[in-house]
Engineer: 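Structure in structure tokens, see below.
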Amino acid sequence: MTTRYRHLIDGRWVDAEPAIENINPSDTSDVIGVAPAADAAVVGEAIAAASRAARGWAQSTPEERFLVLDAAGSELRARKDELGRLLAREEGKAVAEATAEVVRASQLLKFFAGEALRVGGEVIPSVRRGLTVEVTREPIGVVGIITPWNFPVAIPTWKIAPALAWGNAVVFKPAENTPAMAFELVDVLQRAGLPAGVLNLVYGKGSIVGAALVESPEVNGISFTGSAPVGRRIVAAAAAATTRVQAEMGGKNPLIVLDDASLPKAVEVAANGAFFSTGQRCTASSRLIVASSVHDEFVERLSRRMSEMRVGNALDPETVIGPVVDAAQLEQDLRYLRIAAEEGGAVTGGERVERATDGYFLSPALVTRTDNGMTVNREEVFGPVASVIRVDGYDEALAVANDTEFGLSAGICTTSLSAARHFVRHSSAGMVMVNAPTAGVDYHVPFGGAKGSSYGPKEQGTYAREFFTRVKTAYIDADG
Ligand code: UN1
């Protein structure tokens, strides 16, 4: 059955000419739905609706905001199997991971429901007699939210939930590849009791919808997750418009394996970090930096583990690695593997796999004999591709790990407490993992990177309020 998705503007579902097909990457004959593509005028209507609704929502009580987010979280959890299947069908990650993502979205909604109740401020004695200083937080107003396809419900939730919890109105533009989960999330929130116009959903192309959001003087903040080139353009355009912006972009995340690591554990950490979600995570471990003395055994064990990871239809419960998201991404993955081989790397895996249905199946790939200057170690591939860099010891490993324009997540496998602590302190990434995968993070603590990976305040946890609220400092002389 093909669903026809509609924009949500000012509390009404607005039909428009279908322009974008939502195709199942495990079975390209399965067209899940069709979505419209907004022009600048439609985006303008959504922004105007959000602007009108923002004033009322900013005055809502913490309890009102709590109830909406809490109810939406309960509904997502109750429907996790149904929505997990839809997510797997639409995006292509294995159904167990897709279901876990729906649960994560529900947990995020519950966390930010609680945050709505925990808004506080400070009362500070003035240095001047008779005055009291109050520091409070207010919503920023209208927030434009632009999200990628790889976490089609978790990432929109971790932006929309804090925006709403702290009293903002939203115009949400999801990725073109994943309209179904965007619809489900917005529908659940709307039915949970949001007033009309507080949350608007606009489908369409980044070049049109994204640009209209960034350029609008009525949009007070832009929260973006996606590729580095698009993120840099958005940050520049937002700065020119003096609009607050937060951007989460790519990664080239290192995982160091020292000679004192437990190898079975290191292999598990690497297999999970590099290949789960088909490697399509900005936090994926794409550079495995391995001490020389354990290099060969690590590569042999990881290759064996990779051959056990079943590639197939995302809806098959046996599948560990689902398809790549679409034809363009598959071509990009294969191109990086060709370049890696041309530059002297030895590639195992990375082959097209035939299954009963026509899909974008690619076996996980490991590129050995690489050095950190090679293209595959400099640019984000965003597929089931990891490379191995052989190093002499910890000092070289640290230098190689930090030698990248990115800085999202970094990991180390070691049983040495001093090496682990040193790495936590000296890694140039925003998130550091010890004996744990670089990808797959908690929902209640700050998320975000350093250097070219991230711009602006971090997301998630209580830290998310740095972006979604602004601070007001009031001086009060109560004696009139
Ligand atoms: C995770 O690793 O759990 O787009 C989350 C991404 C990241 C989210 C990763 N922003 O892949």
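Counting convention: from 1, in listed order, for ligands and their atoms alike.
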Engineer: Drop me the distance from Thr157's OG1 to Gln107's CD, to the nearest 0.5 angstrom.
Structural biologist: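 One gets 11.0 Å once the value is rounded to the nearest 0.5 Å.
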Engineer: Between Ser409 and Asn253, do the side chains contain a donor N or O and an acceptor N or O under 3.5 Å apart?
Structural biologist: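 Checked: Asn253/Ser409 side chains show no N/O donor-acceptor pair below 3.5 Å.
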Engineer: For a side-chain hydrogen bond (donor to acceptor under 3.5 Å, both in side chains) with Ser387, tell me which candidate from Asn372, Thr368, Asn377 qualifies.
Structural biologist: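 Among Asn372, Thr368, Asn377, the one meeting side-chain hydrogen bond (donor to acceptor under 3.5 Å, both in side chains) with Ser387 is Asn377.
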Engineer: List every atom of ligand 1 that sits less than 4.0 Å from any heavy atom of Arg104, numbering the atoms from 1 in the order shown and giving each element.
Structural biologist: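 Result: 1 (C), 3 (O), 5 (C).
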Engineer: Below 4.0 angstrom from a heavy atom of Asn150, which ligand 1 atoms are there? Numbered from 1 as shown, please.
Structural biologist: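 Selected atoms, number and element: 4 (O), 6 (C), 11 (O).
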Engineer: With a cut-off of 4.0 Å, which atoms of ligand 1 are near a heavy atom of Arg281?
Structural biologist: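 Going through ligand 1 atom by atom, the ones under 4.0 Å from Arg281 are 11 (O).
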Engineer: Going through the distances and angles, do Arg355 and Asn313 end up as a side chain to side chain contact (heavy atoms under 4.5 Å, CB included)?
Structural biologist: CA-CA 8 Å; Arg355 289 287 177 258; Asn313 193 312; over 6 Å; no
Engineer: Do the side-chain N and O atoms of Lys173 and Thr147 include a donor-acceptor pair separated by under 3.5 angstrom?
Structural biologist: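 Side chains of Lys173 and Thr147: no pair found under 3.5 Å.
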Engineer: So is Gln280 in contact with ligand 1, going by heavy-atom distances below 4.0 Å?
Structural biologist: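 In this structure, Gln280 fails to qualify as a contact of ligand 1 - no heavy atom is under 4.0 Å.
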Engineer: Is there a polar contact between ligand 1 and Phe151, counting only N or O atoms under 3.5 Å apart?
Structural biologist: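 No - when backbone and side-chain N and O of Phe151 are compared with those of ligand 1, no distance drops under 3.5 Å.
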Engineer: Evaluate Ala439 for polar contact with ligand 1, using N/O atom pairs at a separation under 3.5 Å.
Structural biologist: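 There is no such contact.
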Engineer: Does the N or O separation between Val441 and ligand 1 drop below 3.5 Å for any pair?
Structural biologist: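 Yes.
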Engineer: Salt bridge (charged side-chain N to carboxylate O under 4.0 Å, His left out) for Glu75 and Arg79? Distances and angles first, verdict last.
Structural biologist: CA-CA 6 Å; Glu75 179 172 338; Arg79 294 173 59 201; 2.7 Å; yes
Engineer: Does any N or O atom in Thr283 lie less than 3.5 angstrom from one in ligand 1, N or O only?
Structural biologist: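 Between Thr283 and ligand 1, an N or O pair is found under 3.5 Å apart.
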Engineer: So is Tyr443 close enough to ligand 1, meaning a heavy atom under 4.0 angstrom away?
Structural biologist: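 Flag not set, Tyr443 not near ligand 1.
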Engineer: Just heavy atoms, cut-off under 4.0 Å: does Trp158 contact ligand 1 by side chain, backbone, both, or neither?
Structural biologist: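 It is the side chain that touches ligand 1; the backbone stays farther off.
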Engineer: Using the rule side chain to side chain contact (heavy atoms under 4.5 Å, CB included), only one of Val353, Val325, Thr28 pairs with Tyr360; which is it?
Structural biologist: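 That would be Thr28.
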Engineer: Counting from 1, what ligand 1 atoms have a heavy atom of Gly440 closer than 4.0 Å?
Structural biologist: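 Listed by number with element, the hits are 1 (C), 2 (O), 3 (O).
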Engineer: Roughly how far, to the nearest 0.5 Å, is CG of Asn435 from OG1 of Thr415?
Structural biologist: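 Between Thr415 OG1 and Asn435 CG, I get 8.0 Å after rounding to 0.5 Å.
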Engineer: Considering non-hydrogen atoms of the protein only, which is the closest contact for atom 10 (N) of ligand 1, and what is the distance?
Structural biologist: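 Looking at atom 10 (N) of ligand 1, the protein heavy atom closest to it is Cys282 SG, 3.0 Å.
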